[in-house]
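In each ligand, atom 1 is the first atom listed, and ligand 1 is the first ligand listed.
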Amino acid sequence: MALLSILHYPDQRLQTVAAPVKEVNAEIRKLIDDMAQTMYAAPGVGLAATQVNVHKQVIVVDISESHDKLMPFINPRIIARDGAGEREEGCLSVPGIYEKVTRAERVTVEALDRDGKPFTLHADGLLAVCIQHEIDHLQGKVFVEYLSRLKQTRIKIKLQKLQRETM
Ligand code: K1U
Ligand code: ZN
């Protein structure tokens, strides 16, 4: 397994729309394993392939404290949404920034598992938020885009300054 480097906002590559996975093979399973290791090390509860500069529709999620409930989703699609709620979100691509975002309370997701087998999942709470956040990444969207223009500009300036200081 390998630790992958995570792109930081406002890197333009985070705006790339990911392509569907045509075949779930050893290369995709290695990507899932590397993404999981990267997510646990960060630490985070989710990661999209876009964030590690791989533009394929793959996300990993694990909201357990024990780090033993890994859920990989390949070609995930939200087929139903219900309710709306506001919750604080973070993002490994936007370090140190936590802001409230309104999203669906419950979602139904269709995807392929690491063996290429289709499955359907009903999610609520943090899991539902995390899945929506990660699928946004695959569509080239970062959570700060839900915030006001002023907040987006402030976050961009803060992260660009941080990047200059660590170079
Ligand atoms: O996509 C990402 O950047 C991962 C992100 C997922 C997420 C978290 C919270 C709400 C929506 C989406 C994170 O994991 S940020 C880090 C974080 O929330 C966390 C870190 C350690 C323990 C628990 C949570
Ligand atoms: Zn994120």
Side-chain angles (χ1 to χ4, degrees), residues 1-19 21 28 31-78 81-109 111 114 121-148 151-156 158-160 162-163 166:
M1 278 201 275
L3 271 186
L4 308 170
S5 41
I6 297 175
L7 300 176
H8 284 173
Y9 181 81
D11 193 311
Q12 298 267 306
R13 291 170 290 181
L14 286 168
Q15 292 174 22
T16 312
V17 177
V21 171
I28 295 296
L31 173 64
I32 288 169
D33 293 342
D34 291 347
M35 285 174 58
Q37 194 189 12
T38 306
M39 172 185 73
Y40 291 133
V45 291
L47 191 70
T50 310
Q51 293 175 276
V52 294
N53 201 27
V54 176
H55 302 287
K56 294 179 182 169
Q57 292 180 10
V58 177
I59 66 173
V60 292
V61 176
D62 188 349
I63 60 164
S64 74
E65 280 181 20
S66 45
H67 288 185
D68 62 354
K69 308 268 183 311
L70 180 69
M71 285 186 276
F73 298 78
I74 300 164
N75 299 341
R77 294 272 174 279
I78 295 176
R81 297 167 196 268
D82 179 37
E86 195 184 47
R87 206 180 173 117
E88 194 160 87
E89 296 192 16
C91 180
L92 300 176
S93 294
V94 193
I97 306 290
Y98 292 87
E99 292 283 349
K100 283 185 175 164
V101 174
T102 300
R103 297 191 187 265
E105 300 249 40
R106 288 166 293 278
V107 293
T108 304
V109 193
R114 62 179 290 132
L121 178 86
H122 303 282
D124 60 12
L126 176 60
L127 181 58
V129 170
C130 198
I131 289 169
Q132 292 173 78
H133 177 114
E134 303 311 333
I135 291 178
D136 272 355
H137 275 303
L138 298 182
Q139 291 164 353
K141 187 164 183 172
V142 178
F143 87 108
V144 298
E145 290 172 49
Y146 291 103
L147 309 177
S148 69
K151 275 193 176 176
Q152 288 183 45
T153 305
R154 283 183 176 159
I155 291 168
K156 259 184 214 161
K158 190 174 172 183
L159 291 188
Q160 278 164 342
L162 208 71
Q163 259 160 32
T166 53

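In this structure, Gln132 contributes its side chain and Ala104 its backbone to a donor-acceptor pair below 3.5 Å. Looking only at distances, no side-chain donor or acceptor of Gln139 sits under 3.5 Å from a matching main-chain atom of Asp136. Between the side chain of Ser93 and the main chain of Tyr9, no donor-acceptor pair closer than 3.5 Å is present. Remark: the backbone N or O of Val21 is paired with a side-chain donor or acceptor of Asn75 at under 3.5 angstrom.
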Going through the distances and angles, do Glu99 and Val144 end up as a side chain to side chain contact (heavy atoms under 4.5 Å, CB included)? CA-CA 8 Å; Glu99 292 283 349; Val144 298; over 6 Å; no
Evaluate the side chain to side chain contact (heavy atoms under 4.5 Å, CB included) criterion for residues Asp82 and Glu105: first the C-alpha distance (whole Å), next the side-chain angles of each, then the deciding distance (0.1 Å), finally the verdict. CA-CA 6 Å; Asp82 179 37; Glu105 300 249 40; over 6 Å; no
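Between the CE atom in Met71 and the CD1 atom in Ile59 there is a gap of 9.0 Å [rounded to 0.5 Å].
Other residues, nucleotides and ligands contribute over 12 non-hydrogen atoms within 6.0 Å of the CD atom of Glu86.
When each atom of ligand 1 is checked for a heavy atom of Leu92 under 4.0 Å away, the hits are 2 (C), 3 (O), 4 (C). If you number the atoms of ligand 1 from 1 as listed, the ones under 4.0 Å from a heavy atom of Gln51 come out as 1 (O), 2 (C), 3 (O). The atoms of ligand 1 that sit less than 4.0 Å from any heavy atom of Gly44 are 14 (O), 20 (C).
When non-hydrogen atoms are compared, ligand 1 lies under 4.0 Å from the side chain of Val129 (C-beta onward) but not from its backbone. Of the heavy atoms in Met39, none comes closer than 4.0 Å to ligand 1. Residue-level proximity to ligand 1 for Glu134 is carried by the side chain, the only part with a heavy atom below 4.0 angstrom.
Polar contact with ligand 1: absent for Tyr98 (N/O pair, distance under 3.5 Å).
Of the protein's non-hydrogen atoms, Val45 N, 2.7 Å is the one closest to atom 14 (O) of ligand 1. Nearest non-hydrogen protein atom to atom 9 (C) of ligand 1 is Gly90 N, 3.9 Å.
At least one side-chain heavy atom of Met1 sits less than 4.5 Å from a side-chain heavy atom of Asp34.
Under a 4.0 angstrom heavy-atom cut-off, Ala48 registers as lying outside contact with ligand 1.
The minimum distance between the Zn ion (ligand 2) and any N, O or S atom of His137 involves atom NE2.
Relative to atom 20 (C) of ligand 1, the option among Pro43, Gly46, Cys130, Cys91 with the closest non-hydrogen atom is Pro43. Ranked by closest heavy atom to atom 11 (C) of ligand 1, the top entry among His133, Arg87, Arg103, His67 is His133.
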